[in-house]
2 protein chains.
Amino acid sequence: MKKQITLKDIAKELDVSISTVSKALKNSDEIGHDTKEKIQAFAKLYNYRPNNIAISLKNKRTRNIGVIIPNIVHYFFATVVRGIENFANAHGYNVIVCVSDESFDKEVINMEMLANGSIDGFIMSLSSETQLKNDYNHIREVMDQGIPLVFFDRATDEIDCDKVIINDREAAYQAVNKFVNSGRKRIALITSENFLNVSDERAKGYFQALREHGIEIAENLVLKLPYIDIDEKVVQKFFSQNKIDAVLCVNEVFAVQCMRFVQKTGIKVPEDISFIGFTDGLLSKYATPSLTAINQHGEDMGEMAAKMLVEKIESEADEDTYRIEILKATLVERESTVN
Amino acid sequence: MKKQITLKDIAKELDVSISTVSKALKNSDEIGHDTKEKIQAFAKLYNYRPNNIAISLKNKRTRNIGVIIPNIVHYFFATVVRGIENFANAHGYNVIVCVSDESFDKEVINMEMLANGSIDGFIMSLSSETQLKNDYNHIREVMDQGIPLVFFDRATDEIDCDKVIINDREAAYQAVNKFVNSGRKRIALITSENFLNVSDERAKGYFQALREHGIEIAENLVLKLPYIDIDEKVVQKFFSQNKIDAVLCVNEVFAVQCMRFVQKTGIKVPEDISFIGFTDGLLSKYATPSLTAINQHGEDMGEMAAKMLVEKIESEADEDTYRIEILKATLVERESTVN
């Protein structure tokens, strides 16, 4: 039997990106006429079918839910999957997980593969590269085919669909308020190098709280770090060059590592510097001092996303109405802050 | 289109376990004559086909690898998936992950679903319930259909197939040797409540080292804990009732929590009690004191498993030869032990 040709095959054969192929097949104006013609001719020649199988099977339920997460070695995303499993299994659905590994291409390939009749709907969190490129053709494609989709955590305003997010901005705002109320004034933000809408929202909450308290915003108090392999020297330099008495970190990996690095230089946590970090996973609980953390309720988020998706899958309604559920993050107070 | 009937449907309809259905359809002697007849008649009536689709598609490669892990909120399993992704993606394969959640039924359901033409082969680690039941009919079934399968970490001798494991017994043996060489004599083992062959191997290494050093084996120095929600009082009682100067833990979650609990009672780590734990994830690095850990090389294990599976998928050979790769765990020395 002849293998069906995929977007990836076309991209490889014509030496263009998967994004270009996807846009060309949708006749997008962003792609030059010649390239478009070449790609369309090639797709026709090799009988490329954009998930026709999915269309023909539309009425055949698989009772599988496809989940795409950006990273699997990640407490928050793993707990969301657990929440999805809880709801899905209790309602007769299986869960299939694919990892985009923060890559646009892998996200597109995984979605194309799953949309080929394997699943009844998607639950996903966008890769950082997709958010940076701001290219959502692959999402629109599966939605055009009538496959329901729910975003969790990392969503985009560019796509109208069901979404479950947390109040990132508000949670960051509250964390900074807590610092200010305990007398802290030199408050730093440690965020991710990669662009992520959630980190962006958290930064907005941080800046808003500073402004409202009349604290001058200092760009040198914002440090951007890679998610893994954090350079100890970079962190120690940041803390020695700037007078800092409190730090909000966009994830617990940053918070726990930075606490460790600064304590090595004789700084006391929380006496000299207070720390608050997002996530609230095992690392927060078992760090020394234990970390005051913003719990993102990953399991609840997963259960909510699965509930919304199953309702869409089983709905007989024809019109498309979408809703956005905003879960409330909770501040869990531990030893890394003072009251 | 009529939905194809599954093992689960039959089990539900006839109010028997999935395991019973699977055995009855294989005509196993373990199932009583009447039950077997009823199940077989029902399966025939509803035209149950044990993954016939997979057979008919045997020559149609999907270029997908199915991975089944017992737990997703788990550093070791997550890093193995990352390793599988690394090798698979570099060789043109996608990876689909399903979670058994330590449940036999979920393992069977996931395998049946994926074997239905979605994947070219399996990489899996057994659920604790499957190991406890010692029931591997579902594994034999997919192998009988010619779908290659590689076990990693939690494997079984009951099935002849490719396996990647680490030298658990030897690694535990070396850890205990390290304790003895630094003068420790009252050495405890903290292991899992659930039966797992890997925990069993680690216990064997622990007992072997004690015997060889002429240290009396005391059953009261072995504590069994649940994987989550460890009771602080149980741990503190264990340490107060028994004179203990060193502890080997079968995972880092146990080690880091127990270190924390005992330090609260004034015990000093490593001066009073040394700790070594398996896994070597983020918790080991960022605990206080940092944990001397046995690195299980999850990513290497995943890459090796994917390599073995891809070789089997792409092999033209007809005869079945299987190999077992044993990776060597490494002891990473940190602050929780003395030299």
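Throughout, a chain's letter reflects where its sequence line sits, starting with A, and its residues are numbered from 1.
For B:K285, the part lying under 4.5 angstrom from a heavy atom of chain A is the backbone only. Heavy atoms of A:N64 lying under 4.5 Å from chain B belong exclusively to its side chain. Heavy atoms closer than 4.5 Å to chain B are found in both the backbone and the side chain of A:V99. Heavy atoms closer than 4.5 Å to chain A are found nowhere in B:V67, neither backbone nor side chain.
Between A:M113 and B:I96 the shortest side-chain heavy-atom distance falls below 4.5 Å. Side-chain contact check for B:E85 versus A:D101: every heavy-atom pair is 4.5 Å or farther apart.
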Take A:L283 and B:L283 through the side-chain contact (heavy atoms from CB on, under 4.5 Å) test and state the conclusion after the steps. CA-CA 6 Å; A:L283 281 175; B:L283 281 175; 3.8 Å; yes
Would A:L282 and B:V253 satisfy side-chain contact (heavy atoms from CB on, under 4.5 Å), going step by step from the backbone distance to the final call? CA-CA 9 Å; A:L282 293 177; B:V253 173; 4.2 Å; yes
Given side-chain contact (heavy atoms from CB on, under 4.5 Å), test B:R82 with A:N71 step by step and report yes or no. CA-CA 9 Å; B:R82 180 177 279 171; A:N71 186 353; 3.2 Å; yes
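Around the CD atom of B:E335, the shell of radius 6.0 Å holds more than 12 heavy atoms that belong to other residues, nucleotides or ligands.
Among A:N94, A:V256, A:N110, the residue making the largest number of heavy-atom pairs under 4.5 Å with chain B is A:N94.
The minimum heavy-atom distance between A:C98 and B:V95, with the atom names listed, is SG-O, 3.5 Å.
Put simply, the side chain of B:R260 gets close to the backbone of A:A287: a donor and an acceptor are under 3.5 Å apart.
Note: A:I72 CD1 to B:I84 CD1 = 9.0 Å, rounded to the nearest 0.5 Å.
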